[in-house]
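Have a look at the structure below, then the notes.
Ligands are counted one by one from 1 in listed order, and the atoms in each one are counted from 1 as well. It should be emphasised that the depicted structure is a prediction, and the values quoted were computed from it without experimental measurement.
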Amino acid sequence: MHLQEVLCHFSFSIIIFMTQLKNDRFLKALLKQPVDRTPIWMMRQAGRYLPEYRASRKDAGSFMDLCTNPDFACEVTLQPLDRYPDLDAAILFSDILTIPDAMDLGLYFETGEGPKFKKVVRTAADVDALPVVNTADRLSYVTDAVSTIRRELNGRVPLIGFSGSPWTLATYMVEGGSTKDFRHVKGMMYSQPEVMHQMLDKLARSVIDYLNAQIKAGAQAVQIFDTWGGVLSHAAYQEFSLKYMQQIVDGLIRENEGRKVPVILFTKGAGQWLESMADTGCDALGIDWTTDIGNARRRVGDQVALQGNMDPSVLYGTPARIREEVASILESYGPGAGQVFNLGHGIHQFVDPEHAKAFIEAVAELSPQYHK
Ligand code: 1CP
């Protein structure tokens with residue numbers, strides 16, 4: 001062998017070594033392949049309910065300082081995995097609002113009040129002025145965090161990348177922060193639908209670039225969070241939310257490092273729309289607790305895997321009650337592959353970390369019987 005060939009072979013082996021996953025049951029379940037037990041991770045698993053997270057946030061200075069510093073982002077991503085060894089996936093520590101921030105809307109967080117924007121987007125001229133975000137130019141701190149986390153995970157579990165859906169991002173951009181009544185964003189949708197479509201298209205193109213950049217940097221599955229799709233009417237959901245998630249699914253890199261990169265769509269409150277969501281060609285649907293998972297499986301289980309769906313508030317119950325709820329969700333889904341256990345939405349900040357432990361351990365202990 002020539003030296004060049006030896007070197008090439010050597011670096012190839014390093015790449016293979018680096019990408020060897022020690023635990024791939026999460027990726028397998030998303031593709032409905034057999035696993036030894038139901039994999040589990042939790043939405044918002046790195047967050048305020050963990051004292052170690054609160055300490056890191058204090059060290060970093062602020063929430064955005066955590067997100068923009070790859071070492072801090074990596075530190076908090078790994079915290080739940082160290083505390084709960086049965087977790088089967090890591091999720092990038094970042095936020096969906098990085099994209100509007102990169103569109104120069106000026107994201108900031110006021111203590112106890114959630115996210116806010118200095119500028120809002122309400123007119124045709126505002127939408128015209130919005131750039132399509134180039135991740136390499138504006139969001140390299142996110143892709144740097146992805147590569148740092150992948151290196152530190154060293155194949156322990158797969159890493160999930162994510163973004164918000166165009167509709168959900170638009171709600172924050174038009175309202176200027178969180179909202180209960182969606183007055184301005186729905187007003188825009190019903191009074192200037194073309195302007196709304198133009199905005200959603202710019203967001204969809206930005207999200208495609210963003211998620212593909214995360215995948216190239218090492219994200220092994222991606223999830224699109226459509227937290228606010230469920231506030232739309234049946235027709236408006238298809239036209240203003242799902243259509244743009246479809247555009248994203250069509251534009252994503254679906255294979256990397258010799259493996260499929262599964263795509264998970266999560267719309268909160270979308271129990272009635274599972275069939276049309278599955279038709280986008282995604283690999284899995286995240287479902288909230290208002291849908292029975294066994295029923296969802298009968299409807300779309302041939303097409304996609306299902307992720308969910310315990311009510312996060314069950315974690316306020318006793319460990320025994322939590323275990324009972326886990327058992328009933330496992331029983332409802334039934335035997336065979338295709339479920340990723342999760343909460344139906346993010347873990348609340350006031351949950352006792354010991355209750356999260358009881359939850360994760362219950363899934364690890366009770367699920368093997370469904371995979372014989
Ligand atoms: O005070 C703090 O430390 C900030 C709290 C916080 C955290 C921990 C925010 C602000 N974002 C995050 C991290 C985060 N956000 C993650 C990574 C952590 C993990 O999962 O382990 C993810 C995936 C998100 C996604 C996100 N941000 C969503 C979609 C998922 C969901 O929860 O519905 C949404 C809607 C946001 C916006 C946002 N960012 C932060 C808050 C408090 C909110 C929600 C505001 C609202 O309810 O409108």
Side-chain angles (χ1 to χ4, degrees), residues 40-68 72-84 87 89-101 105 107-117 142 145-146 149 157 159-182 185 207 210-211 214 219 221-231 241 264-270 286-288 307-308 312 342-351 353 356:
I40 166 142
W41 68 279
M42 293 187 296
M43 262 191 247
R44 297 279 187 111
Q45 64 191 20
R48 279 179 291 186
Y49 74 106
L50 289 177
E52 55 271 37
Y53 168 84
R54 297 196 296 269
S56 300
R57 193 179 63 169
K58 207 164 160 208
D59 287 349
S62 72
F63 170 70
M64 278 315 278
D65 290 329
L66 281 181
C67 294
T68 53
F72 271 120
C74 178
E75 179 179 306
V76 292
T77 299
L78 300 184
Q79 284 169 349
L81 301 171
D82 292 338
R83 192 186 263 264
Y84 310 119
L87 284 175
I91 179 160
L92 161 71
F93 190 83
S94 187
D95 197 74
I96 63 166
L97 301 175
T98 50
I99 286 188
D101 188 49
L105 299 184
L107 173 66
Y108 66 102
F109 285 84
E110 244 159 47
T111 335
E113 276 199 54
K116 292 235 160 62
F117 285 103
V142 176
V146 170
I149 298 164
V157 291
L159 175 63
I160 307 167
F162 71 91
S163 101
S165 74
W167 166 254
T168 291
L169 294 176
T171 67
Y172 290 96
M173 294 162 69
V174 177
E175 301 290 341
S178 305
T179 175
K180 288 209 166 78
D181 59 7
F182 301 89
V185 71
V207 168
Y210 187 53
L211 289 178
Q214 291 183 34
V222 292
Q223 173 152 335
I224 301 169
F225 288 96
D226 185 28
T227 307
W228 303 119
V231 304
S241 181
I264 310 161
L265 295 189
F266 169 70
T267 294
K268 185 161 172 279
I287 57 174
D288 69 30
Q307 177 174 277
N342 207 309
L343 300 171
H345 197 202
I347 184 167
H348 302 148
Q349 62 169 312
F350 302 111
V351 165

Do side-chain atoms of Arg44 reach the backbone of Ile347 as a donor and acceptor pair under 3.5 angstrom? no
Glu75 meets the side-chain hydrogen bond (donor to acceptor under 3.5 Å, both in side chains) criterion, sequence neighbours left out, with Ser56
Contacts of Asp288 meeting side-chain hydrogen bond (donor to acceptor under 3.5 Å, both in side chains) (sequence neighbours excluded), chain-then-number -> Thr290
Ser94 meets the side chain to side chain contact (heavy atoms under 4.5 Å, CB included) criterion, sequence neighbours left out, with Leu92, Thr98, Val142, Phe162, Tyr210
- Message: Between Tyr53 and Phe93, is the ring pair (Phe, Tyr, Trp, His ring centres under 6.0 Å) condition met? List the steps.
- Response: CA-CA 11 Å; Tyr53 168 84; Phe93 190 83; 5.6 Å; yes
Residues Ile264 and Gln307: closest non-hydrogen pair is CD1-OE1, 3.7 Å
Give every pair made of an N or O atom of ligand 1 and a protein N or O atom lying under 3.5 Å apart, one pair per line with both atom names and the distance to 0.1 Å, or write 'none'.
from	atom 1	to	atom 2	distance (Å)
ligand 1	1 (O)	Arg57	NH1	2.2
ligand 1	3 (O)	Tyr53	OH	2.5
ligand 1	3 (O)	Arg57	NH1	2.7
ligand 1	11 (N)	Asp95	OD1	2.7
ligand 1	15 (N)	Arg44	NE	3.4
ligand 1	15 (N)	Asp95	OD1	3.0
ligand 1	20 (O)	Arg44	N	2.9
ligand 1	21 (O)	Gln45	N	3.1
ligand 1	21 (O)	Ala46	N	2.8
ligand 1	27 (N)	Arg44	NH2	3.4
ligand 1	27 (N)	Asp95	OD1	2.9
ligand 1	32 (O)	Arg44	NE	3.4
ligand 1	32 (O)	Arg44	NH2	3.2
ligand 1	32 (O)	His345	NE2	3.4
ligand 1	33 (O)	Thr227	OG1	2.7
ligand 1	33 (O)	His345	NE2	2.6
ligand 1	39 (N)	Asp95	OD1	2.8
ligand 1	39 (N)	Asp95	OD2	3.4
ligand 1	48 (O)	Tyr172	OH	2.6
ligand 1	48 (O)	Ser178	OG	2.7

